[in-house]
Amino acid sequence: MNSISKFSMYIKKISDNILASLLALIVAIMFTQVVFRYTFNNSLSWSEEIAKFLFIWITFIGAALCFRDYMHLGVDFLLEKVSGKHRSFLLIFNTFLTTAFNGAMIVIGFIWVHDVSGTLSPAVGLPLNIVFYAAFPCSALLSFIYGLERLQSEFKKNNQNKIVK
């Protein structure tokens, strides 16, 4: 196992744990909000805003994990019609384009996060560039890492097929 695969496995475990923790946290916050509203007749002013931020992070991290697990929607009509080395080339080309796009989104996303700094959330007063906008480039970074791993495995598979033939 090379360094990209080891790093990717480490990132996979961390991202899975972060996603599960965020989901548990959003459930706990919403449960607390319901208890406060109906038991104490007093709703929490911050719970809706925090839940919204957590939901955004869950969505973006989940999108990266869907990319990792080949669960994104895709049009594979052409891919099903092509076989052999052309199919392998199309898979590598598609993965390369997706990974390059995610690389560009990392750079653009972090520039965007920097440009919107200074804005605070209304209820809690947290910096919006971190709790809201940073989900986009972080998701792109995860997808970029998974794309590199996918490229590496497709190249390895392609080379093994050449050796077998």
Side-chain angles (χ1 to χ4, degrees), residues 1 3-77 79-80 91 94-154:
M1 186 180 281
S3 61
I4 293 177
S5 295
K6 288 179 185 177
F7 182 69
S8 181
M9 289 301 292
Y10 181 70
I11 293 295
K12 178 181 179 180
K13 289 178 184 177
I14 289 175
S15 58
D16 287 344
N17 290 334
I18 287 173
L19 192 62
S21 299
L22 291 177
L23 185 60
L25 189 57
I26 200 170
V27 168
I29 288 172
M30 289 295 95
F31 178 76
T32 305
Q33 169 66 358
V34 169
V35 168
F36 269 76
R37 178 174 288 169
Y38 292 109
T39 305
F40 302 117
N41 203 20
N42 185 11
S43 61
L44 303 172
S45 62
W46 52 269
S47 63
E48 181 182 348
E49 190 170 284
I50 296 296
K52 177 176 64 173
F53 296 146
L54 292 174
F55 186 72
I56 289 166
W57 278 91
I58 287 170
T59 302
F60 277 96
I61 292 173
L65 299 188
C66 284
F67 176 70
R68 175 193 72 195
D69 296 336
Y70 297 91
M71 294 177 65
H72 269 295
L73 293 176
V75 180
D76 57 355
F77 174 76
L79 196 59
E80 289 180 359
L91 283 170
N94 181 27
T95 304
F96 174 77
L97 285 179
T98 306
T99 305
F101 176 78
N102 281 313
M105 291 301 101
I106 293 167
V107 174
I108 292 168
F110 281 117
I111 291 171
W112 181 39
V113 167
H114 179 266
D115 287 347
V116 296
S117 64
T119 309
L120 301 177
S121 66
V124 184
L126 294 173
L128 280 178
N129 64 329
I130 302 299
V131 298
F132 188 68
Y133 297 112
F136 176 68
C138 291
S139 171
L141 179 62
L142 274 176
S143 295
F144 182 79
I145 292 168
Y146 295 136
L148 289 178
E149 181 191 22
R150 189 183 292 184
L151 273 173
Q152 179 189 24
S153 68
E154 287 173 6

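A quick note: this is a predicted structure, and the numbers were derived from the prediction, not measured.
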Partners meeting side chain to side chain contact (heavy atoms under 4.5 Å, CB included) with F60 (sequence neighbours left out): I56, A135, F136, S139
Partners meeting side chain to side chain contact (heavy atoms under 4.5 Å, CB included) with L44 (sequence neighbours left out): T32, Q33, F36, W46, S47
Nearest non-hydrogen partners of S45 and A123, listed with the distance: O-CB, 3.7 Å
Closest non-hydrogen atom pair between I58 and L19, with its separation: O-CD1, 3.6 Å
side-chain hydrogen bond (donor to acceptor under 3.5 Å, both in side chains) against T99, all qualifying residues, sequence neighbours excluded: none
Gap separating the CD1 atom of I11 from the CG atom of L65, nearest 0.5 angstrom: 11.0 Å
Inter-residue atom distance F53.CZ - E48.CD, 0.5 Å rounding: 10.5 Å
Any side-chain heavy-atom pair of I61 and C138 under 4.5 Å: no
Pairwise side-chain hydrogen bond (donor to acceptor under 3.5 Å, both in side chains) hits with a residue in residues 49-71, at least two apart: D16-R68, E49-S121, Y70-R150
Interatomic distance, F96 atom CZ to L151 atom CG [nearest 0.5 angstrom]: 8.0 Å
Nearest non-hydrogen partners of H72 and A63, listed with the distance: NE2-O, 2.9 Å
Pairwise side-chain contact, I50 with L126, heavy-atom cut-off 4.5 Å (strictly under): yes
Salt bridge (Lys or Arg N to Asp or Glu O under 4.0 Å) contacts touching residues 108-123 (sequence neighbours left out): none
Counterpart residues, side-chain hydrogen bond (donor to acceptor under 3.5 Å, both in side chains), relative to Y10 (two or more places apart): none
Considering all heavy atoms, the nearest A51-I26 contact: O-CD1, 3.3 Å
Heavy-atom closest pair, residues E154 and L91: OE1-O, 3.2 Å
Side chain to side chain contact (heavy atoms under 4.5 Å, CB included) involving Y38 - partner list, sequence neighbours excluded: V34
Rounded distance (nearest 0.5 Å) linking atom CG of L141 with atom OG of S15: 11.0 Å
N102 side chain reached by Y146 side chain, heavy atoms, under 4.5 Å: no
I106 CD1 to I111 CD1 distance, which is reported to the nearest 0.5 Å: 12.0 Å
V116: partners by side chain to side chain contact (heavy atoms under 4.5 Å, CB included), with sequence neighbours left out: W112, N129, Y133
Flag side-chain contact, heavy atom, 4.5 Å: F144 against M105: no
Nearest-0.5 Å distance that lies between atom CD1 in I14 and atom CG in L142: 9.5 Å
Within-4.5 Å side-chain heavy-atom neighbours: L120 and L128: no
